[in-house]
Amino acid sequence: MIDKRIRYIISAVIAVIMVIAPSITPRAANNRLFNFDKSEIKKVRLDDGDGGRVEEIENPEKIAEIIDILNNFEYTTSHPRDPNLIGCGYGIDLYSDSFGEDGVVGYGFSTDSILADGVWYTSKEESLQPLVESIQSGGEYWVYVRGVEWTLGLAQKAVLTMLYGE
């Protein structure tokens, strides 16, 4: 009779655990990378690494939209950056007094992934596409020569493209 009682108690405990466990087990945390405070970001710089366009944004409403996009980015996979590959399709720099001595943090990104601290984080969706679209066509083009930035007009860009290609 004791064996039946023990089996009954064990079965009852297991049944209770199966019912209660899902409600007390913490759910997997979302895979968000960022939690930037919109009010601390003073400027955003978006770079089109392929076409050379650069856009600097200081409008607080536009900055808030961009920060929302970053803060809502959820990745599904991650992998280290391939050290043999250089550059990114796009870049974003955030400027804030809270970012240490330089006051800037930067990331490479594509429409569905972002490079942070040497790791590519990829989403199932193209959730960063709005950032790509934020880089307005016809903006300034930049050239880096021995560490100095030079701004080119569109005519100069066309001449360089004819001479050297994209």
Side-chain angles (χ1 to χ4, degrees), residues 17-151 157 161 164-166:
I17 290 173
M18 290 176 66
V19 170
I20 295 176
S23 63
I24 61 173
T25 302
R27 300 186 190 262
N30 62 22
N31 291 329
R32 292 193 179 174
L33 291 175
F34 307 113
N35 188 23
F36 293 113
D37 183 346
K38 297 178 232 184
S39 65
E40 291 185 2
I41 307 300
K42 305 300 181 209
K43 180 171 81 170
V44 173
R45 176 178 166 146
L46 292 166
D47 294 293
D48 177 350
D50 295 327
R53 289 186 306 269
V54 174
E55 180 156 0
E56 292 188 346
I57 300 156
E58 296 185 51
N59 177 320
E61 291 174 4
K62 182 69 176 167
I63 289 173
E65 290 174 21
I66 290 170
I67 298 305
D68 283 340
I69 292 167
L70 290 175
N71 285 346
N72 290 319
F73 176 79
E74 291 185 20
Y75 66 94
T76 54
T77 62
S78 64
H79 60 86
R81 181 182 69 85
D82 182 347
N84 297 319
L85 299 176
I86 58 172
C88 297
Y90 302 94
I92 184 168
D93 293 324
L94 306 176
Y95 295 81
S96 171
D97 296 335
S98 65
F99 293 153
E101 190 175 311
D102 292 343
V104 63
V105 295
Y107 306 97
F109 69 95
S110 68
T111 58
D112 68 347
S113 58
I114 193 159
L115 177 64
D117 297 323
V119 176
W120 276 106
Y121 297 91
T122 305
S123 172
K124 286 185 180 178
E125 303 172 1
E126 291 189 338
S127 56
L128 299 176
Q129 179 65 31
L131 294 180
V132 173
E133 294 168 0
S134 291
I135 306 172
Q136 298 175 354
S137 60
E140 292 182 328
Y141 289 86
W142 295 70
V143 174
Y144 296 89
V145 179
R146 297 184 187 163
V148 177
E149 292 181 349
W150 297 80
T151 303
K157 168 67 175 167
T161 300
Y164 302 106
E166 281 289 329

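What you see below is based on every heavy atom in this structure, not just the backbone, and it leaves out hydrogens, waters and symmetry mates. What you see is a predicted model, and the numbers here were worked out from it, not measured in a lab.
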Visitor: Rounded at 0.5 Å granularity, tell me how far CD1 in I41 sits from OH in Y95.
Guide: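 With rounding to 0.5 Å, CD1 (I41) is 11.5 Å from OH (Y95).
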
Visitor: At what distance, to the nearest 0.5 angstrom, does NZ of K124 lie from OG1 of T77?
Guide: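 Those atoms lie 9.5 Å apart.
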
Visitor: Between F34 and I69, does a side chain to side chain contact (heavy atoms under 4.5 Å, CB included) hold up when you go through it step by step?
Guide: CA-CA 10 Å; F34 307 113; I69 292 167; over 6 Å; no

Visitor: So R32 and N71, side chain to side chain contact (heavy atoms under 4.5 Å, CB included) or not? Walk me through it.
Guide: CA-CA 7 Å; R32 292 193 179 174; N71 285 346; over 6 Å; no

Visitor: Grab the two heavy atoms, one from K38 and one from I67, that are nearest each other, plus how far apart they are.
Guide: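 Closest pair (atom of K38, atom of I67, distance): CG-CG2, 3.6 Å.
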
Visitor: Could you tell me which non-hydrogen atom of L115 sits nearest to which non-hydrogen atom of G118, and how far apart they are?
Guide: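 Smallest heavy-atom distance, with atoms named: CD1-C, 3.8 Å.
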
Visitor: Could you walk me through whether L128 and T111 pass the side chain to side chain contact (heavy atoms under 4.5 Å, CB included) check?
Guide: CA-CA 5 Å; L128 299 176; T111 58; 5.5 Å; no

Visitor: For the residue pair F99 and V104, what are the closest heavy atoms and their distance?
Guide: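 Heavy atoms of F99 and V104 come nearest at CB-N, 3.8 Å.
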
Visitor: Could you tell me whether Q129 atom CD has more than 12 heavy atoms of other residues or ligands within 6.0 Å of it?
Guide: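 Enclosed.
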
Visitor: Where do T122 and F73 come nearest, in terms of heavy atoms and distance?
Guide: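 Taking T122 first and F73 second, the nearest heavy atoms are C-CZ, 4.3 Å.
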
Visitor: Examine distances only and state if a side-chain atom of N31 and a backbone atom of T76 form a donor-acceptor pair shorter than 3.5 Å.
Guide: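 Not a single qualifying donor-acceptor pair exists.
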
Visitor: Applying side chain to side chain contact (heavy atoms under 4.5 Å, CB included), run through D48 and Y90 and close with a yes or a no.
Guide: CA-CA 5 Å; D48 177 350; Y90 302 94; 3.7 Å; yes

Visitor: Are there more than 12 heavy atoms of other residues, nucleotides or ligands under 6.0 Å from atom CG of N59?
Guide: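 Yes, the 6.0 Å shell around CG holds more than 12 heavy atoms from other groups.
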
Visitor: First locate atom CG of L70, then atom CG of N35, and finally report the distance between them rounded to the nearest 0.5 Å.
Guide: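 L70 CG to N35 CG: 11.5 Å, rounded to 0.5 Å.
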
Visitor: Between F109 and Y107, is the ring centre distance below 6.0 Å?
Guide: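 Judged by ring-centre distance (under 6.0 Å), F109 and Y107 do not meet the cut-off.
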
Visitor: Identify the two heavy atoms, one from S110 and one from S113, that lie closest to each other, and give their separation to 0.1 Å.
Guide: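 Distance-wise, the nearest heavy atoms are OG-OG, 2.7 Å.
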
Visitor: Do E56 and R45 pass the salt bridge (Lys or Arg N to Asp or Glu O under 4.0 Å) test, and can you show the C-alpha distance, the side-chain angles, and the key distance before you say yes or no?
Guide: CA-CA 4 Å; E56 292 188 346; R45 176 178 166 146; 3.5 Å; yes

Visitor: Nearest heavy-atom pair of S78 and V119: which atoms, and what distance?
Guide: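 Minimum heavy-atom contact is CB-CG1, 3.9 Å.
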
Visitor: So, the side chain of S96 versus the backbone of E40: is there a donor-acceptor pair under 3.5 Å, distance only?
Guide: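 Yes, because the side chain of S96 sits within donor-acceptor range (under 3.5 Å) of the backbone of E40.
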
Visitor: Can you confirm whether more than 12 heavy atoms, excluding those of D97, are under 6.0 Å from its CG atom?
Guide: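 Not buried by this count: 12 neighbours or fewer within 6.0 Å.
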
Visitor: I need the E65 CD to I57 CD1 distance, nearest 0.5 Å.
Guide: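 Separation between the atoms: 9.5 Å.
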
Visitor: Atom CD1 of I66 and atom CG of L131: how far apart are they, to the nearest 0.5 Å?
Guide: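 Separation between the atoms: 6.0 Å.
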
